[in-house]
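Report on the structure given below.
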There are 2 protein chains.
Amino acid sequence: MDVPLVLSHRLPAPVPLDELDECPVSDLLRRVGDRWSVLLIVLLGRRSHRYNELHRAIEGISQRMLTRTLRGLEVDGLVSRTVHPSVPPSVEYDLTPLGRSLLRPLSALAEWAVRHGGEIADARKAQLNT
Amino acid sequence: MDVPLVLSHRLPAPVPLDELDECPVSDLLRRVGDRWSVLLIVLLGRRSHRYNELHRAIEGISQRMLTRTLRGLEVDGLVSRTVHPSVPPSVEYDLTPLGRSLLRPLSALAEWAVRHGGEIADARKAQLNT
DNA sequence: CGGAATCCCATGTGATACTG
DNA sequence: CAGTATCACATGGGATTCCG
């Protein structure tokens, strides 16, 4: 009892390749495991932002990657993109309800990362001496 | 109250590039956001495995990536590697306590992914028609 | 048995220039 | 303002071969 769900889930042996490709967990982690997605989700979780506002808010992100990452999140239904037809144009990005629902489990992982990040960094440094 | 931690955390504006690179959350997600890490963590969370045992347990993984991923997890202190000097040699991989402690927040994310994976898939398909 | 070495391709990411 | 187009480079990942 009290075993993490991910361990109690039954797995075929061997794990077939196509099943892994369809796995929603792997899928989500790859979606969110890139350089910018999490940061965008967090920023948009606080309030909606316009495109250039996000561009200014994140030092070092290129227009290309900002656009690509936003599009990816939008395609997956995590972020909404609203165009206000004005001159000059104005585009608002926001989290969808689905995206907002992701904030909580993401926070659980973030909390673990903050708490244990030091141990990981230490382990990494220790390997350098061997 | 009851706001996800990741939102209550204060962020500098703009977010500096070096701060993002040091962020333990981004770091963890990139560590675990590759093709094989999570699956290995889950398998090793059930019991320790030998190298070829893992190789046989995961259809489609190459020796190169199995070795690389295990090494990466080992360097980060999530997986332990124990060599039993015998003929032929035997190497046991297992989760460290740190790795085991990751299972629970990972499960939280996995649970979300299983519950909402369909919505993501639907959103993805819907984009194809536009 | 448990890898390492090499080669090759796909994808992620950034820089720069251009546009409705 | 909010992008797109193009090029270039680093990294992820697989196939194959070889080794103690």
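Numbers restart at 1 for each chain; the letters A, B, ... are given by sequence-line order, proteins then strands.
- Partners of A:Ser107 according to the side chain to side chain contact (heavy atoms under 4.5 Å, CB included) rule, which considers only residues two or more places apart in sequence or in another chain, are B:Pro4, B:Leu5, B:Val6.
- Checked against side chain to side chain contact (heavy atoms under 4.5 Å, CB included), A:Arg30 has the following partners two or more places apart in sequence or in another chain: B:Arg35.
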Below 3.5 Å, can you tabulate the donor-acceptor pairs from side chains in residues 74-83 of chain B to any protein atom, sequence neighbours excluded?
unit_1: B:Asp76; atom_1: OD1; unit_2: A:Arg124; atom_2: NE; d: 2.6
unit_1: B:Asp76; atom_1: OD1; unit_2: A:Arg124; atom_2: NH2; d: 3.3
unit_1: B:Asp76; atom_1: OD2; unit_2: A:Arg124; atom_2: NH2; d: 2.9
unit_1: B:Ser80; atom_1: OG; unit_2: B:Asp94; atom_2: O; d: 3.4
unit_1: B:Arg81; atom_1: NE; unit_2: B:Tyr93; atom_2: OH; d: 3.2

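- The closest donor-acceptor contact from the side chain of B:Ser101 to the backbone of B:Leu98 lies under 3.5 Å.
- Using a 4.0 Å heavy-atom distance criterion, A:Ser90 is classed as a sugar-phosphate-only contact.
- Identified under the ring-ring contact (aromatic ring centres under 6.0 Å, His included) test for residues 29-73 of chain B, with sequence neighbours left out: none.
- Qualifying side-chain hydrogen bond (donor to acceptor under 3.5 Å, both in side chains) partners for B:Glu92, counting only residues two or more places apart in sequence or in other chains: B:Ser48.
- Note: CD (B:Glu92) to P (C:dG2) measures 9 Å, nearest angstrom.
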Nucleotides 8-20 of chain C: protein proximity per nucleotide (B base, S sugar-phosphate only, - neither; heavy atom, under 4.0 Å)
----SBBB-B--B
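- Every side chain to side chain contact (heavy atoms under 4.5 Å, CB included) that B:Pro12 has, sequence neighbours left out, goes to B:Pro16, B:Glu19.
- The side-chain hydrogen bond (donor to acceptor under 3.5 Å, both in side chains) check on A:Glu111 picks up A:Arg115, with sequence neighbours excluded.
- Evaluation of the salt bridge (charged side-chain N to carboxylate O under 4.0 Å, His left out) test over residues 37-52 of chain A, restricted to residues two or more places apart or in two chains, returns A:Arg47-A:Glu53.
- The footprint of chain A on DNA chain D, defined by a heavy-atom cutoff below 4.0 Å, extends from D:dC1 to D:dG13.
- Rounded to 10 degrees, the angle separating the terminal axes of the helix from C:dC1-D:dG20 to C:dG20-D:dC1 is 50°, with each axis obtained from five end pairs.
- By the side chain to side chain contact (heavy atoms under 4.5 Å, CB included) test, A:Ala113 is found to be paired with B:Pro24, B:Val25, B:Leu28, residues two or more places apart in sequence or in another chain being considered.
- An OP1 or OP2 oxygen of C:dG3 is reached within less than 4.0 angstrom by a side-chain nitrogen or oxygen of B:Tyr93.
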